[in-house]
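Reminder, nothing fancy here: chain letters follow the sequence lines and each chain counts from 1.
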There are 2 protein chains.
Amino acid sequence: MALRHAVLAALLDEELSGYQLAKAFDLGVANFWHAQPQQLYVELARLEKEGLITGREVVQDNRPNKRLFRVTEAGLAELERFTSSAPRPSFIRDDLVVMVQAADHVDPAELIRQLGERAVFARAKIDLFDRLLHAMRGERSEADFLRTGTRVGPYLTCLRGLAFERGNLEWCERSVSVLREREHRA
Amino acid sequence: MALRHAVLAALLDEELSGYQLAKAFDLGVANFWHAQPQQLYVELARLEKEGLITGREVVQDNRPNKRLFRVTEAGLAELERFTSSAPRPSFIRDDLVVMVQAADHVDPAELIRQLGERAVFARAKIDLFDRLLHAMRGERSEADFLRTGTRVGPYLTCLRGLAFERGNLEWCERSVSVLREREHRA
DNA sequence: TTAACCATGTAATCCGTTACATGATTCA
DNA sequence: TGAATCATGTAACGGATTACATGGTTAA
């Protein structure tokens, strides 16, 4: 029971179609959760059936019609209930970290390569998050925006995503330099 | 196909029973993955059947017998294969972050409470990781240990866990102070 | 004597991923 | 002409959580 609330939270500020939601959740632009398009269409159908969201058909020329969803009163109440319940603790679950755990028993050159690839990916996400944050706060300073802006929730979650990717990047760089130096000695 | 490799990686340096593994994975002491005891017993049975680990019965007085597992040649080869394959990207998936995404539409007092609780939890894990790292490197400095120590994999993954929890803590504290100040103005 | 710890499992359910399926439009 | 984008779904499978099940030992 977790994706439903992520979807509700994503639909709070704007009406979105399944396709639009999917793009956000798939690319991880919605840095607070991740899901495949298929899962979203299923979840949207369920949420609508339960009355937590409503969809309206939008007819388009030259491209397929789409359905835009927004959160209902019942949906908002469900979110309110969710935010009062105990969140489960969050854990790292990352293939790459498992690989590094085995570092002393596998080919270091492979690991260095993998860590390098992840670093590239992390840098791209950091750039993306920087741009998103700037777009949200406009010309205001961050401190000013967080004090007086109208929507700070998405900004705060984006800050978490940014810090997470910075953590990834630093750890990759550190690990590569450690493994490189040990290769030289060996 | 992800837990199996975490289990293999965990068994590289020491023979462990299902129960011991479960404690590590459950508390998140094994900071590179997380799993429930039930899942581990199933996975251990599977891995043994496939010949990637072997178990030996250890008879004990005054407490139930246990089975200690270690990685076989085939298991090591499987890990080697795994570290050469593409890891799937890692995403944040955290109830608390979803709650903060909805910050502008739900009760801020509740959020502040939740963030405070998570901060306490994060501090405890930071302490734990600090102690684990110290135990691993002994009297050596970190830099020295990473250059010349015999097992750096577990140390590096622990560093990732530490940085992750520090990121959690900082973000919780920052978010609390932002929400507090906005409450005052409202 | 009650709770916590040691020790191992099965079964049901739910959540998430991968594969399958369709079809129009726009840009290179 | 082929790839990317827009747009929405179903089905099969596999991974993860929760509930159920058992039973001895140790410390408060």
Enquirer: Is the side chain of A:R182 donor-acceptor paired with the backbone N or O of B:L146 at a distance under 3.5 Å, no angle test?
Expert: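 Yes.
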Enquirer: What is the separation between atom CD on A:Q38 and atom P on D:dA7, rounded to the nearest whole Å?
Expert: 17 Å
Enquirer: What integer distance in Å separates B:Q39:CD from D:dA19:C1'?
Expert: 15 Å
Enquirer: Tell me which of B:R93 and B:Y41 sits closer to the 5' end of DNA chain C, going by the nucleotide each one is nearest to.
Expert: B:Y41
Enquirer: May I ask you to decide if B:C172's main-chain N or O and B:S175's side chain share a donor-acceptor pair within less than 3.5 Å?
Expert: no
Enquirer: Give the angle between the helix axes at the two ends of the helix from C:dT1-D:dA28 to C:dA28-D:dT1, taking five base pairs at each end and rounding to 10°.
Expert: 40°
Enquirer: Do B:L128 and A:V97 share a hydrophobic cluster, counting only Ile, Leu, Val, Met, Phe, Trp and Tyr and linking them when any side-chain heavy atoms are less than 4.5 Å apart?
Expert: yes
Enquirer: Is there a residue in residues 4-22 of chain A whose heavy atoms reach under 4.0 Å of DNA chain C, and which residues are they?
Expert: none
Enquirer: Using whole Å, what does the distance between atom C1' of nucleotide C:dC6 and atom CG of B:L40 come to?
Expert: 16 Å
Enquirer: Once rounded to the nearest 0.5 Å, what's the spacing between atom CG of A:L179 and atom CD of A:E110?
Expert: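 Taking CG in A:L179 and CD in A:E110, the distance rounds to 12.0 Å.
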Enquirer: Could you tell me the separation between the CZ atom of A:R88 and the P atom of D:dA16, rounded to a whole number of Å?
Expert: 14 Å
Enquirer: Round to a whole Å and report the spacing from CZ of A:F25 to P of C:dT17.
Expert: 13 Å
Enquirer: Verify, without hydrogens or angle tests, whether A:W171 (side chain) and B:L156 (backbone) share a donor-acceptor contact under 3.5 angstrom.
Expert: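 A pair under 3.5 Å: yes.
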Enquirer: Could you state the NZ-C1' distance from A:K23 to D:dA4, rounded to the nearest angstrom?
Expert: 12 Å
Enquirer: Please find the pair of heavy atoms, one from B:F32 and one from B:A6, that lie closest to each other, and give the distance.
Expert: CE1-O, 3.6 Å
Enquirer: For the pair made of CG in A:L3 and C1' in D:dT17, what is the distance, rounded to whole Å?
Expert: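 A:L3 atom CG is separated from D:dT17 atom C1' by 16 Å.
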Enquirer: With the threshold set at under 4.0 Å for non-hydrogen atoms, list the residues of residues 53-71 of chain A touching DNA chain D in residue-number order.
Expert: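 Contacts with DNA chain D under 4.0 Å: A:Q60, A:R63, A:P64, A:N65, A:K66, A:R67.
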Enquirer: Between B:R147 and B:D144, is any pair of side-chain heavy atoms under 4.5 Å apart?
Expert: yes
Enquirer: At less than 4.0 Å, is any side-chain N or O atom of A:Q36 found next to OP1 or OP2 of C:dT17? Yes or no.
Expert: yes
Enquirer: Between atom CZ in B:R46 and atom P in C:dG9, what is the gap in whole Å?
Expert: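 Interatomic distance, CZ of B:R46 to P of C:dG9: 14 Å.
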